[in-house]
Amino acid sequence: MTPPDERTRAIEAILFAATGPLAVAEIATHLGEREGIAEALERLRTDYAGRGLNLVQRGEHWHFETAGDLAHLLRRDREDSRKLSRAGIETLAIIAYHEPVTRAEIEAIRGVQVAKGTIDVLMEAGWIRPAGRREVPGRPLTYATTPVFLDHFGLASRRDLPGIDELRAAGLLDPVDLALEQVSVEKDGEDD
Amino acid sequence: MTPPDERTRAIEAILFAATGPLAVAEIATHLGEREGIAEALERLRTDYAGRGLNLVQRGEHWHFETAGDLAHLLRRDREDSRKLSRAGIETLAIIAYHEPVTRAEIEAIRGVQVAKGTIDVLMEAGWIRPAGRREVPGRPLTYATTPVFLDHFGLASRRDLPGIDELRAAGLLDPVDLALEQVSVEKDGEDD
Amino acid sequence: MADADTLTISLDSWEGPLDLLLGLARTQKVDLRAISILELVDQYLDFIASARDLKLEVAADYLVMAAWLAYLKSALLLPRDPEETPSPEELALRLTLRLARLDAMREAGARLMARDRLGRDVFTRGCPEGLQTIRRTRWDASLYDLIAAYGRVSARSRPVLHVVRQRPVMTLETALSRVSAMLGEAIDWTAIECFMPEGGEALWRRSALASSFLAALELAKQGRIELAQDAPFAPLYLRSLA
């Protein structure tokens, strides 16, 4: 980088410190002279071509800006992994097993109200989508799962979800602790 | 001006866009890699030497700023709001050259009490900070300078404090022996 | 002292005695470390005296310093007392050092303030666009979480159905008839374990032992058998009374 002449250096500093783009007349006010400003700006434009910042002209105004191809560096994406809440995963499970299903139906199955935020989170995750309205009074919106949902959970289709009988066989409908059975034989047989 | 390599361009853009000085680790987060940052910063420092803006290191942080010799073109007269009293300037100098230092030690050097407001003003400016307690009777608080101090006064590190090596060689920065200074200061009750 | 007279006779302009002493020392126009302490003491005492001549109020700390300096002067001039510590020379040296240190810090402060200061002399970029960090949440749930959740919901909402499982037990009635029948054949003391059936799973064998024990107690109560045991937890023996 060849050091520029004094006038060019001064204009470089004035443009850098300015709080907005400057017209030649404004540069002249700071500089105290009008001579040679156009040439200096041209020289700076050439100097900064191909660098991380460029001198650009917008209408009558000049300013330095970050090179357009590097804009992606100024935005850093950060992914935070968060566990879905109990309400979230239960709502998702009900939608997956019963789709298309309305919010009122989800609430009836869960036995508790579904917060609006819960549906929002599932939509944001891309796992559910609105799936038309139910043709009943009030025409409530129904929800269904998406291909992203199948993808995330490694399912080829919704039919791959275990049925009720399979869930029971896997002990998933039966929250009794097996360890208890060993200790107290009296409790044995209390199956639900 | 030889166009720099892609990594150097990227770091140039990141430093240019940043709202404050950046540590190498912060640059690395935005860059997406840690490799070669030190070399690129060195290259940029050389590229900008003698230009209207320079790349400078303040403590562990780097930023672009306008060249000091162009101050006359850019100077904004904010002297009034930032005007430090003589007591403030001396107290700041004592803290910077002796840190960490207790209030009693500052008073021993100045020969007068340090008014309450003096320390406050320096803290408010962000130039000094409490730096732990001295393990002596009374466990007095010590003070030290901050990165903002280095930044504001254009110091790469405390080693760059004007004349610090000469003062140290002359024994003028030796620890203050409060017991000895007490001989003639003990009755000093004047406030500044 | 002509030099001292050139200093304004205004105590307000000094930040304490040390500041005044430094101001007087500078009038000697030599390296602070080479100043004449005796001359400095005289300058100080003259200054205080002239201030009092002008009927100015002299603050106590200035007078304390004056007294100390007068003592230092006499100690420096009078014959040495070898017992005296610290020696007057050491005290004088220490005073010189204090003045040098204050002077150095004053100088350093001035040099610091004269530097190109950020926001006054040098400037960072006027309108930085800033670096942004966009946070995105990646929701985490496994297939197991999903089906377990459905199981949980179903378990909660489905009608509860109780099924009593067949348990491997020997009832008291069975044990009573078994033990009674077997006692008929036994002649002498027989350990209770001998009445146990062969085979069967462990839970059923434990149930059989418990029931047989209860059966033995019942038969003893009816006066049909005798029980004997050497000590607690020792083997239990049965014998027919018939």
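Computed from a predicted model, the values in this text were never measured in an experiment. Chain letters run A, B, ... following the sequence lines, proteins first, then strands; residues in each count from 1. Every heavy atom of this structure was used, including side-chain atoms; hydrogens, water molecules and symmetry mates were not.
- A 6.0 Å sphere centred on CD of A/Glu35 holds no more than 12 heavy atoms belonging to other residues, nucleotides or ligands.
- Note that the OG1 atom of A/Thr66 and the CD atom of C/Glu129 stand 3.5 Å from one another [nearest 0.5 Å].
- Contacts classified as side-chain hydrogen bond (donor to acceptor under 3.5 Å, both in side chains) and involving residues 145-155 of chain A (residues at least two apart or in different chains) are given here: A/Glu99-A/Thr145.
- Using a 4.5 Å cut-off on side-chain heavy atoms (C-beta onward), C/Asp140 and A/Arg82 make no contact.
- The most heavy-atom pairs under 4.5 Å with chain A, out of C/Pro128, C/Ser142, C/Ala148, C/Gly130, come from C/Ser142.
- Note that the CD atom of A/Glu90 and the OG atom of C/Ser154 stand 10.0 Å from one another [nearest 0.5 Å].
- For the pair C/Asp145/A/Leu84, no side-chain contact is recorded, criterion being any heavy-atom separation below 4.5 Å from C-beta on.
- A side-chain hydrogen bond (donor to acceptor under 3.5 Å, both in side chains) check over residues 23-33 of chain A, counting only residues at least two apart or in different chains, returns the pairs A/Arg7-A/Glu33.
- Between C/Tyr150 and A/His98, the ring planes lie tilted relative to each other; the angle falls in the 30° to 60° range.
- We find the SG-CZ distance between C/Cys127 and A/Phe16 to be 9.5 Å, quoted to the nearest 0.5 Å.
- Between chain C and the residues A/Ala96, A/Gly126, A/Ser81, A/Gly154, the most heavy-atom pairs under 4.5 angstrom are made by A/Ser81.
- Note that CD of A/Glu124 is 6.5 Å distant from CH2 of C/Trp139, once rounded to the nearest 0.5 Å.
- Ranked by heavy-atom pairs shorter than 4.5 Å toward chain C, the options A/Ile94, A/Leu122, A/Leu15, A/Leu73 are led by A/Ile94.
- Applying the side chain to side chain donor-acceptor pair (under 3.5 Å) rule to C/Gln229 yields no partners; only residues at least two apart in sequence or on another chain are considered.
- Put simply, CG on C/Leu146 and CG on A/Leu155 are 7.5 Å apart, with the number rounded to the nearest 0.5 Å.
- Inspection of non-hydrogen atoms places no residue of residues 106-115 of chain C under 4.5 Å from chain A.
- From A/Ile89, atom CD1 reaches atom CZ of C/Arg152 across 8.0 Å, with rounding to the nearest 0.5 Å.
- The contact between A/Ile109 and chain C is made by backbone and side chain atoms together, counting heavy-atom distances below 4.5 Å.
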